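The structure displayed is predicted, hence computed values, not measured ones.
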Amino acid sequence: MINRRDFIKLNGLTATGLGLGLKPSWFSPMQQFESKRLSPNLRRFTSTAVENTITSIKAGIKDPEIAWLFENCYPNTLDTTVKYKVNDGRPDTFVITGDIDAMWLRDSSAQVWPYLPLIKNDPQLKNLILGVLNRQAKCIQIDPYANAFNERATGSEWDKDLTDMKPELHERKWEVDSLCYPVRLAYNYWKTSGDASFFDSDWQSAGKLILQTFKVQQRKHSRGPYHFQRTTEVASDTAPNGGYGNPVKPVGLICSIFRPSDDATIYPFLVPSNYFAVLTLNQLAEMFEHLAHDHTTAAQCRDLSAEVSAALQKYAIGNHPVHGRILAYEVDGFGNQLFMDDANAPGLLSLPYLGAIKTSDPLYENTRRFVLSRSNPYFFRGKAAEGIGGPHVGLGYIWPMSIIVRAITSTNETEIKTCLRWLKNTHAGTGFMHESFNQDNPADFTRKWFAWANTLFGELVIKIHQNHPQILKAIV
């Protein structure tokens, strides 16, 4: 049995492991920026609206390397990871993460998210995302505690994990955000397209199961049914105390035994995920109210959202000795708080991007200064760049995702330009974003094919084009 880090290395998914000798782009000023996309006949899905967007946005980018990265990254999910078909007259879309042939509820939602604005003008793209929603509703009903699923009931390398595995599951790590992301996608699909056909009996059952699971994981009366242990030498790949995680005092918050990085929490009340859950429950309430006319379930969603929100105000805010009043990353209800941030989303830095807090909120502003400083134990500054990492890969490794999220949540043009420059200089000549890279040597990176990070970079460039077009009119 191998852990995910070993899986990445054994499958040659680091530049160093492949012996590529790749160098950052600043070492190759004469580099020819030839497309790294699959040839059209090999692409898994082609969207006219996406192709038109690429052409339009590229025309406004002066820096040839940024334009090249955008063209490679933005369509990467469609080019390489989607499996679209029609089952019983209904769209069905399975989305792999890239180098791992499984569908994460979180990743699949995030991977297609940047295409949502285009679905009004592209019926095929709209059906593809509708297929994701249909598939996710079925996945949640199979097991609301699972984070990743197989395309079929084939089993996985994690079958021997000490938890209630099923052949449809790839992995069964309970993460609150795994149930938040599909709601985010569904709600915004409805708001963008006006199409409510997805919210059928399957989605309503899935929505009620999300509500029920959140309530159970408040752990007011018992630890609940979920437990997880793995035979591993990596402490963050398994949960302590018989697989139930560290103890919590029931205060209204929701337990998340794993983080969105798939690493175990230290204190199970994961603050960013609880903020995300507050938003999710309100979105669920609106859908049940207006689409299903189910006022009872809508009221239950709103009541739980209010309860979690009140508990966050009471338990999630702490006084840091340097940065003052900030959000903790994890708490346990007993008064213990963990001050850090992780590169994944939801994290503290990404809360405005997810719509869970405003960038102008003084609490977020203080928290942002903390997470982007050496006071955060997982903030790294090296020769190549600075950014947030996490225990999933290890010390000294920066995640491009954290740099992208920093730029997306920034209103400072100098900061945005700096982030773009770091991203431009750390793709190691590959033309794509990675999971992480060594702070001093971008050629030492993990995950050559990580579609979420690629598509997120595309979303960043589009947002800059919309809000700060002058930035793209210069060489960064």
Side-chain angles (χ1 to χ4, degrees), residues 77 81-82 84 90-97 102-116 119 126-151 168-193 195-214 217 254 256 258 260 262 272-288 291-292 297 301 304-305 344-346 350 353-356 451-452 455:
T77 287
T81 69
V82 297
Y84 174 76
R90 292 167 55 82
D92 177 29
T93 311
F94 189 81
V95 187
I96 65 172
T97 69
M103 178 167 165
W104 266 253
L105 291 176
R106 170 185 54 255
D107 292 42
S108 60
S109 303
Q111 284 168 245
V112 300
W113 171 264
Y115 307 131
L116 268 183
I119 60 177
K126 176 175 172 285
N127 281 338
L128 177 123
I129 295 179
L130 179 58
V132 176
L133 299 179
N134 291 338
R135 169 68 71 143
Q136 289 178 336
K138 292 187 180 300
C139 288
I140 291 167
Q141 291 178 88
I142 290 169
D143 188 348
Y145 288 105
N147 56 328
F149 294 79
N150 302 317
E151 186 175 8
E168 296 92 345
L169 309 185
H170 175 76
E171 191 173 48
R172 192 174 189 260
K173 289 183 172 179
W174 161 235
E175 302 159 7
V176 166
D177 69 281
S178 289
L179 296 184
C180 295
Y181 268 104
V183 174
R184 179 187 190 231
L185 183 65
Y187 178 84
N188 285 278
Y189 169 88
W190 167 45
K191 290 296 186 179
T192 301
S193 69
D195 176 22
S197 64
F198 72 92
F199 206 68
D200 57 9
S201 58
D202 262 356
W203 239 105
Q204 290 175 45
S205 295
K208 290 177 181 178
L209 197 51
I210 290 170
L211 173 63
Q212 176 189 338
T213 305
F214 283 172
Q217 286 305 316
I254 304 166
S256 189
F258 288 88
D262 299 335
S273 291
N274 273 266
Y275 264 93
F276 199 4
V278 168
L279 177 66
T280 295
L281 288 161
N282 285 329
Q283 291 174 340
L284 263 183
E286 189 175 342
M287 289 192 288
F288 273 109
L291 303 183
T297 303
C301 288
L304 181 56
S305 176
N344 266 271
S350 67
Y353 167 67
L354 296 172
W452 180 10
T455 316

Practice task
Measure the CG-CG distance between Leu179 and Leu209 for me, rounded to the nearest 0.5 Å.
Solution key: 7.5 Å
Problem - Over all atoms of both residues, closest heavy-atom pair of Pro260 and Ala345 - result: CB-O, 3.9 Å
Problem - Qualifying residue for side chain to side chain contact (heavy atoms under 4.5 Å, CB included) with Leu128, from Asp92, Val82, Val95, Ile119 - result: Val82
Problem - Residues Trp104 and Asp262: side-chain donor-acceptor under 3.5 angstrom - result: yes
Handout entry: Residues that Phe149 engages under ring-ring contact (aromatic ring centres under 6.0 Å, His included), provided they are two or more places apart
Key = none
Problem - Taking every non-hydrogen atom, the tightest pair across Ala196 and Leu291 - result: CB-CD2, 3.6 Å
Handout entry: Over all atoms of both residues, closest heavy-atom pair of Ala356 and Leu279
Key = N-CD2, 4.3 Å
Handout entry: Stepwise side chain to side chain contact (heavy atoms under 4.5 Å, CB included) test for Arg135 and Met103
Key = CA-CA 10 Å; Arg135 169 68 71 143; Met103 178 167 165; 3.7 Å; yes
Problem - Side chain to side chain, Trp452 and Thr455, heavy atoms closer than 4.5 Å - result: no
Practice task
Show your working on side chain to side chain donor-acceptor pair (under 3.5 Å) between Asn282 and Ser305 and close with a plain yes or no.
Solution key: CA-CA 7 Å; Asn282 285 329; Ser305 176; 3.2 Å; yes
Handout entry: Side-chain (Asp107) to main-chain (Thr97) donor-acceptor, under 3.5 angstrom
Key = no
Exercise for the section: Can you measure from SG (Cys180) to CZ (Phe214) and round to the nearest 0.5 angstrom? Expected result: 4.0 Å
Problem - Side chain Asn134, main chain Pro91, donor-acceptor under 3.5 Å - result: yes
Practice task
Test the Arg184-Tyr353 pair against the cation-pi criterion, namely NZ or CZ under 6.0 angstrom from the six-membered ring centroid and within 45° of the ring axis.
Solution key: yes
Practice task
Verify whether one side chain among Glu168 and Asn150 offers a donor that lies under 3.5 Å from an acceptor in the other.
Solution key: no
Handout entry: Presence of salt bridge, Asp200 and Arg90, under 4.0 angstrom
Key = yes
Exercise for the section: Spell out, as yes or no, whether a donor-acceptor pair under 3.5 Å connects the side chain of Trp203 to the backbone of Leu133. Expected result: yes
Handout entry: Glu175 with Lys173: basic N within carboxylate O range, under 4.0 Å
Key = no
Handout entry: Validation row: Val112, Thr77 side chains within 4.5 angstrom (heavy atoms)
Key = yes
Problem - Check: Glu286 side chain, Leu281 main-chain N or O, donor-acceptor pair, under 3.5 Å - result: no
Handout entry: Side chains of Asp195 and Tyr189, donor plus acceptor under 3.5 Å
Key = yes
Handout entry: Check: Tyr181 ring centroid to Phe276 ring centroid under 6.0 Å
Key = yes
Handout entry: Side chain proximity check, Tyr275 to Leu354, heavy atoms < 4.5 angstrom
Key = no
Problem - Close side-chain approach of Ile210 to Pro144, heavy-atom, < 4.5 Å - result: no
Fill in the blank from the handout: Paired with Arg106, the side-chain hydrogen bond (donor to acceptor under 3.5 Å, both in side chains) test is passed by just one of Asp177, Asn147, Asn344, namely Asp177
Exercise for the section: May I ask you to check whether Ser273 and Ser256 show a side-chain donor-acceptor distance below 3.5 Å? Expected result: no
Practice task
Kindly compute the distance separating CZ (Phe198) from OH (Tyr187), expressed to the nearest 0.5 Å.
Solution key: 10.5 Å
Exercise for the section: Give the minimum heavy-atom separation between Ala451 and Thr81, together with the two atoms involved. Expected result: CB-CG2, 3.6 Å
Problem - Nearest heavy-atom neighbours spanning Leu105 and Cys139 - result: CD2-CB, 4.0 Å
Completion exercise
Separation between CZ (Phe94) and OG (Ser108), nearest 0.5 Å, reads 8.5 Å
Practice task
Give, for atom CH2 of Trp190 and atom CG of Leu185, the distance between the pair rounded to the nearest 0.5 Å.
Solution key: 14.0 Å
Completion exercise
Output for pair (Gln111 CD, Ile96 CD1), nearest 0.5 Å, gives 8.5 Å
